[in-house]
2 protein chains.
Amino acid sequence: MTENGQREARRRSPSMADVAARAGVSHQTVSRVLNNSPLVREDTRERVHAAIVELGYRRNAAARLLATNRSGRIGMVSAHLALYGPSMIAASVQEAGREAGYDVAVIGVLELSEQGLRDAVDRLLDQAVEAIVVAVAHRDALSLVRSLSLPIPVVLVQGVGPGDTMAAGIDQVLGARMATEHLLDLGHRSVALVSGPADWTEAVQRREGWQQAHEARGVLPGPELAGDWSPESGYSAGLRIARSADVSAVFVANDAMALGVLKALHEVGRSVPAEVSVVGFDDVPEAAFYWPALTTVAQNFPELGRRAVDLTVRALAGEDRPAVDLAQPHLVVRESSGPPRLP
Amino acid sequence: MTENGQREARRRSPSMADVAARAGVSHQTVSRVLNNSPLVREDTRERVHAAIVELGYRRNAAARLLATNRSGRIGMVSAHLALYGPSMIAASVQEAGREAGYDVAVIGVLELSEQGLRDAVDRLLDQAVEAIVVAVAHRDALSLVRSLSLPIPVVLVQGVGPGDTMAAGIDQVLGARMATEHLLDLGHRSVALVSGPADWTEAVQRREGWQQAHEARGVLPGPELAGDWSPESGYSAGLRIARSADVSAVFVANDAMALGVLKALHEVGRSVPAEVSVVGFDDVPEAAFYWPALTTVAQNFPELGRRAVDLTVRALAGEDRPAVDLAQPHLVVRESSGPPRLP
DNA sequence: CACGATCATGTGAGCGTTCAACCACTTTGA
DNA sequence: TCAAAGTGGTTGAACGCTCACATGATCGTG
């Protein structure tokens, strides 16, 4: 304890007071310099800056947060980050947040239980986030988060529909409709569907778009096969499709399953697109190199991230006018879709 | 200003003092309860807990950090999060960190300049991380980060070689060697290589393993084609391979490029594996559904994450004994590799 | 039955910021 | 000439927690 002074000097990083002493001003003046207050003379400002670099000072974020109660951080809860869509959304929000001057803390929820979600939100709250972006397309998850009534703004960014508030998304119904109409336009009488899991809003919406396209033409939709986003499920759906000779076109709710469908068709010896046309959804970077190159629906994720962050910033600024911001996807036509073989 | 009291009471979230008052104890006792100190009687503990839930109290992390100077957070700087390997590593470290009781803050570096990297580290330092995990396989990036001489431990987790300190990784050389030897064992006289970009340590190491395998047999390696991890680059390499009739086997440094190679071979009409065998690296979830199903090298990412975090925790505990922790990959044989066609 | 242990709790300082209030000194304008 | 307004600074009190230490019970022990 006699070496108290030494110990104290040992490794503590320099504080504002140290800088102030060095520059011969008060700590408050240092604070002003750091916060770009105009109320400080040019030469003192320079003296302070010099002291800062000499001491290698860096401002303590915790103390600042404690005093201001504003962290400059927004939280994001995601699920299924191994899937293409969710991971792209996470990346885009993070990037857009950075551009807007926010740190984005992403928490991936492993199991989509109520508890798991609550934990994720709790951990974000512990990190003092100023707002939370929820990117979980699971239906129950959405309603749960809404029911949490958090003291900070919550913005949705996946599985968004017209009824939502404070939500940014890409119009899944429209995308699916475009894909399906593309196939119908080519002359197919109807289009089969390989869907995603029914408890994902996005799966439901893509199914909806597929249905709408048929309705708009007054024709009955083709058969519907349940998938779970995985290539495996696409593969087994593909085998069943290959068996039924009357299916000439399939809309597959994501590219990974479409890959499985393609494989099944190859194995059975049905050619794509000559015998069966296939359209996917996502436009993963590999899609152009599937065999054959996959026609699919592309989503503008960077744009989505920006819109989500924009919404968040507005909510943070006190704007409470509910808003839904749906961006449009677009169809990328490649080689896996073509006109049906004439009978 | 006259309504100062009201304003103060307005929205401030409850503090330890509030809980203490409510439970009829001192703030310190509340702190003890929160930190599971044994020095508190069971009934007071319950009273405090009750007060906590009644008030909806949650402990202020900033204040805690300010007092303890320990954030319970480790930072991670990643690059190329859109690629399979890097994103898996990021996810696995995050998950392993959580299990070890740490928050993991991931920062994705977009451009791998010195400045970009410095910024990323700066931002992590601002977040008061206790250690930094660097998952950037770019050669220059590695040396740069090492030269930074940060006041906190730095652990490497990608592009790791035998000469490193405090590093966890998967043995890339071994993986590539296994892939190449598999092909040689099948009877191919030599194996061609589609490599990754030369400034990625991992690309260099996979090339090294490919070379070693040939050397061990005393045969000359096949031709080498430069790629950049993208399916496009694999595709154009594939076209060149298809043209040279004497190449019967290719080792492709990642699965995405392997997909491109497969496509090129299909287009030219060379069958896989009858005419050309192809082996990839990564074992992406889709690999089993490529056409044909891709033989490839799988890496145990969750294990890698655990080891990296373990190393970090040990470094945090003051251990400075340098350590390199290389896990073994394993070969997954599927349909894209087979014996050469007899001449 | 007084007397150190041990247990359970309270007290006050300190972490490094920002914020509100205040001060001294200059300029302005009627 | 003097009040008002602006400029460039200082001072001290928060913010909500933990740490070191003090204190008051309770208890076994010689």
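Convention: sequence-line order gives letters A, B, ...; per-chain numbering from 1.
Using a 4.0 Å cut-off between charged side-chain N and carboxylate O, A:Arg314 and A:Asp310 make a salt bridge.
A:Gln28 places its CD atom 12 Å from the C1' atom of C:dC22, with the value rounded to the nearest Å. Between A:Leu65 atom CG and C:dG16 atom C1' there is a gap of 12 Å when expressed in whole angstrom units. Distance, A:Asn36 CG to C:dT18 P: 12 Å, rounded to whole Å. Atoms CG (A:Asp18) and C1' (C:dC15) sit 13 Å apart, rounded to a whole Å. Distance, B:Asn60 CG to D:dC15 P: 12 Å, rounded to whole Å. Regarding A:Asp43, its CG atom lies at a distance of 12 Å from the C1' atom of D:dG9, rounded to whole Å. To the nearest angstrom, P of C:dG16 lies 12 Å from CG of A:Leu66. The CG atom of A:Asp126 sits 11 Å away from the P atom of D:dC17 (whole-angstrom rounding).
More than 12 heavy-atom neighbours from other residues, nucleotides or ligands sit within 6.0 angstrom of CZ on A:Arg58.
Counting all heavy atoms, side chain and backbone alike, A:Ala167 lies closest to A:Val160 at CB-CG1, 3.5 Å.
At a cut-off of 3.5 angstrom, the base of D:dT7 holds no donor-acceptor pair with the side chain of A:Arg41. At a cut-off of 3.5 angstrom, the base of C:dT18 holds no donor-acceptor pair with the side chain of A:Arg32. With hydrogens and angles left out, the side chain of A:Arg58 and the base of C:dG16 share no donor-acceptor pair within 3.5 Å.
B:Gln158 places no side-chain N or O within 3.5 Å of a backbone atom of B:Gly85 that could act as its donor or acceptor partner. A donor-acceptor distance shorter than 3.5 angstrom exists from the side chain of A:Arg47 to the backbone of A:Ala23, with no hydrogens or angles considered.
The side chain of A:Thr68 places no N or O atom within less than 4.0 Å of a non-bridging phosphate oxygen (OP1 or OP2) of C:dT18. In terms of phosphate contacts, A:Asn35 brings a side-chain nitrogen or oxygen within less than 4.0 Å of OP1 or OP2 of C:dT18. A close approach under 4.0 Å does not occur between any side-chain nitrogen or oxygen of B:Ser15 and OP1 or OP2 of D:dG16. The phosphate of D:dT18 has OP1 or OP2 within less than 4.0 Å of a side-chain N or O from B:Ser31. A close approach under 4.0 Å does occur between a side-chain nitrogen or oxygen of B:Thr44 and OP1 or OP2 of C:dT9.
As judged by a 4.0 angstrom heavy-atom cut-off over every strand, B:Thr29 is placed among residues touching the sugar-phosphate backbone only. Residue contacts for A:Arg59: at a heavy-atom cut-off of 4.0 Å it reaches the sugar-phosphate backbone alone, with no base atom in range.
Between B:Tyr57 and A:Leu39, the one whose closest nucleotide on DNA chain D sits nearer the 5' end is A:Leu39. In terms of position on DNA chain C, the residue among A:His27 and B:Gly24 whose nearest nucleotide sits closer to the 5' end is B:Gly24.
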